[in-house]
Amino acid sequence: MNQYQNQHYISRALIKRFAEKKNGHVKVFYVKWGTWSSKSPRYVFSGFGFTQLLIEGEELDNSLEIEFGKVESSLPITLAALDKAATRPTTELPTKAYENMCWYCAFLLCLSPFAKAKAPADFLLNIHSDLANLKTEVLEKKWNMPAEEIEYYKREVALGKKLIFDAENYLQYLYRVQFIQVCKEMCKIYRFQTTWTVYNSPIDLPLSDIALVEQPLVKENSIRYALPISPRLLLMGKVRTDPNIEPSTQTTINGGELSAQEADYWLHAICASAVVQLASKHQIADVPAIRQRASDVGIKFVKIKNLDAIKEAGTKVFNKKFFLRPVSQEEHDNFISTCVEK
């Protein structure tokens with residue numbers, strides 16, 4: 001028996017909406033093997049110790065699991081409100097439900113396997129930016145780095161060097177650090193800068209392990225996020241990236257209908273986004289071919305290089321010995337490619 005909790009990064013309350021009424025199971029497609037099975041939502045989109053943190057000499061930290069649980073506790077009410085919103089042109093959601101929706105989407109984005117995989121790359125990007133702009137607060141306060149060490153990194157970055165990690169079992173720690181930094185900001189964006197619509201779909205859509213599918217719309221200067229909340233309902237948020245857009249305090253949810261062509265597009269996009277698993281009410285014919293067609297028309301997602309590292313990160317003990325090492329651009333790029341690949 002595993003000593004750690006089976007921790008979900010997508011809530012069972014959402015997964016159950018894709019389950020068969022007869023036995024409460026969902027159909028699960030495994031990307032690696034190209035096969036289907038029937039599983040209880042209890043064991044879908046989860047892993048032992050997925051969100052926990054183990055630090056040498058400290059008690060097991062399940063604070064992220066607890067915080068996610070607080071958001072999840074209101075999710076059934078929020079999903080019921082979104083079901084109703086799908087039947088009307090516009091709905092003013094109660095503020096509590098609207099904010100719960102925004103928090104839930106932010107948690108999904110930041111908890112996902114992909115978020116964990118890219119945490120080192122995101123952290124290094126932020127550190128390089130801070131050092132280039134002579135900002136040292138994160139290294140001083142978060143990492144307790146001595147001033148002389150920070151000055152050394154600043155000089156190396158100024159000379160064109162890049163930094164990589166020289167440490168062990170640090171992935172889960174960085175995942176948690178990035179979560180704290182990003183989740184709250186994304187919730188603000190979803191709350192005040194995003195237009196939300198619940199679309200009715202003419203075909204059944206699956207749920208991928210990425211859950212909230214992110215797609216930049218460069219020509220429209222925006223980003224859209226799509227989350228299937230049931231086989232026939234797709235929640236979509238559109239964020240304008242124009243810095244001059246005024247924040248909105250409205251809690252409006254639009255209702256809409258996907259055309260057959262639009263629904264087919266999202267079927268392909270959701271299938272293509274899956275890293276390990278897809279969950280669906282019914283088996284979908286030839287998912288590998290769907291994923292290939294998506295790639296052929298330019299629907300592509302960054303790939304995780306080391307899935308085992310993602311699964312096991314929460315069970316590794318971090319010893320708090322954390323160093324950075326200046327390297328060439330080529331060595332830095334090689335390091336990043338061990339995390340994610342375009």
Side-chain angles (χ1 to χ4, degrees), residues 1-12 15 30-32 42-69 71-72 106-127 138 142-143 163-184 186 208-212 214 273-277 301-325 332 334-342:
M1 184 176 178
N2 198 295
Q3 60 179 313
Y4 303 121
Q5 292 181 21
N6 179 40
Q7 296 174 328
H8 283 76
Y9 46 90
I10 302 176
S11 306
R12 276 188 285 172
I15 302 168
Y30 296 92
V31 173
K32 183 176 181 179
R42 181 182 294 273
Y43 301 109
V44 181
F45 304 144
S46 65
F48 289 105
F50 190 87
T51 61
Q52 71 181 25
L53 179 62
L54 294 172
I55 295 180
E56 189 175 277
E58 299 182 13
E59 292 185 0
L60 184 149
D61 181 348
N62 269 322
S63 57
L64 183 51
E65 179 75 2
I66 293 169
E67 291 304 311
F68 190 33
V71 175
E72 289 179 304
F107 265 77
L108 287 181
L109 185 75
C110 298
L111 282 179
S112 75
F114 178 63
K116 186 182 291 193
K118 70 187 185 78
D122 287 345
F123 180 85
L124 289 175
L125 182 66
N126 293 338
I127 290 300
V138 172
K142 192 70 183 178
W143 300 102
L163 304 175
I164 63 172
F165 298 108
D166 189 4
E168 295 181 352
N169 299 333
Y170 59 84
L171 178 57
Q172 192 75 357
Y173 188 71
L174 286 184
Y175 170 58
R176 296 282 294 265
V177 168
Q178 288 301 115
F179 181 93
I180 292 169
Q181 292 182 350
V182 176
C183 187
K184 194 171 183 178
M186 289 309 304
S208 90
D209 48 12
I210 295 302
L212 192 69
E214 178 180 352
S273 73
V275 176
V276 178
Q277 298 175 333
F301 297 88
V302 177
K303 298 178 182 178
I304 296 175
K305 290 297 293 289
N306 190 342
L307 287 172
D308 288 338
I310 304 306
K311 295 175 186 175
E312 298 168 2
T315 65
K316 303 291 185 181
V317 180
F318 178 48
N319 61 13
K320 299 182 76 171
K321 295 178 181 179
F322 190 87
F323 304 99
L324 298 169
R325 179 159 55 92
H332 171 268
N334 288 339
F335 173 81
I336 297 299
S337 70
T338 65
C339 305
V340 292
E341 179 183 32
K342 292 185 178 181

### Task
Report yes or no: does Gln277 contribute a side-chain atom to a donor-acceptor pair with the main-chain N or O of Asp209 at less than 3.5 Å?
no
#### Entry: Crowding at NZ, Lys321 (>12 non-hydrogen neighbours, <6.0 Å)
no
### Query
Counting heavy atoms not belonging to Tyr43, are there more than 12 under 6.0 Å from its OH?
no
### Query
Looking at Pro120 and Leu174, what are the two nearest heavy atoms and their distance?
CA-CD1, 3.8 Å
### Task
Show your working on side-chain hydrogen bond (donor to acceptor under 3.5 Å, both in side chains) between Arg176 and Ser63 and close with a plain yes or no.
CA-CA 10 Å; Arg176 296 282 294 265; Ser63 57; 2.8 Å; yes
### Message
Looking at Gln178 and Ala115, would you say the former's side chain and the latter's main chain have a donor-acceptor pair under 3.5 Å?
### Response
no
### Message
I want to check something: taking the side chain as every heavy atom from C-beta on, are Gln7 and Leu64 in contact at a cut-off of under 4.5 Å?
### Response
no
### Message
Within the 4.5 Å heavy-atom criterion, are Ile304 and Pro113 side-chain neighbours or not?
### Response
yes
### Query
Asn169 side chain to Val317 main-chain N or O, any donor-acceptor pair under 3.5 Å?
yes
### Message
Quick one, Phe123 with Tyr173, criterion side-chain contact (heavy atoms from CB on, under 4.5 Å). Give me CA distance, side-chain angles, the key distance, then yes/no.
### Response
CA-CA 11 Å; Phe123 180 85; Tyr173 188 71; over 6 Å; no
#### Entry: Within-4.5 Å side-chain heavy-atom neighbours: Asp61 and Ile55
no
### Residue Glu58 excluded, over 12 heavy atoms near CD under 6.0 Å
yes
## Note on the structure
Closest non-hydrogen contact found for Ala117 with Cys339 is O-CB, 3.5 Å
#### Entry: Considering all heavy atoms, the nearest Ser11-Glu72 contact
OG-OE2, 2.6 Å
### Summary
So CD1 of Ile164 and NE2 of His332: to nearest 0.5 Å the spacing works out to 8.5 Å
### Message
Using a 3.5 Å distance criterion without hydrogens, assess whether the side chain of His8 forms a donor-acceptor pair with backbone atoms of Arg42.
### Response
yes
### Task
Drop me the distance from Glu67's CD to Thr51's OG1, to the nearest 0.5 angstrom.
11.0 Å
### Message
Just so I know, are the side chains of Phe50 and Ile310 near enough to count as touching, which here means a heavy-atom distance under 4.5 Å?
### Response
yes
### Side-chain heavy-atom pair Asn62, Gln5 within 4.5 angstrom cut-off
yes
### Query
Quick one: are Leu124 and Leu324 in side-chain contact, heavy atoms under 4.5 Å?
yes
### Task
Only one of Phe165, Tyr175, Phe323 passes side chain to side chain contact (heavy atoms under 4.5 Å, CB included) with Tyr170; say which it is.
Phe165
### Check against side-chain contact (heavy atoms from CB on, under 4.5 Å), Leu109 and Glu214
CA-CA 9 Å; Leu109 185 75; Glu214 178 180 352; 3.8 Å; yes
### Query
Does the side chain of Tyr4 reach to within under 4.5 Å of the side chain of Thr315, using non-hydrogen atoms?
yes
### Phe114 ring center near Phe301 ring center (under 6.0 Å)
no
### is_close_aromatic(Phe107, Tyr9), centroid dist under 6.0 Å
no
### Smallest separation among heavy atoms of Ile210 and Ser273, with atom names
CG1-O, 3.2 Å
### Query
Side chains of Gln172 and Lys116: is there a donor and an acceptor less than 3.5 Å apart?
yes
### Task
Working to the nearest 0.5 Å, report the span between CZ of Phe68 and SG of Cys110.
11.0 Å
### Query
For the atom pair CD1 (Ile336) and NZ (Lys305), what is the distance rounded to the nearest 0.5 Å?
11.5 Å
### Query
When rounded to the nearest 0.5 angstrom, what distance separates CD1 in Ile10 from CG in Leu108?
6.5 Å
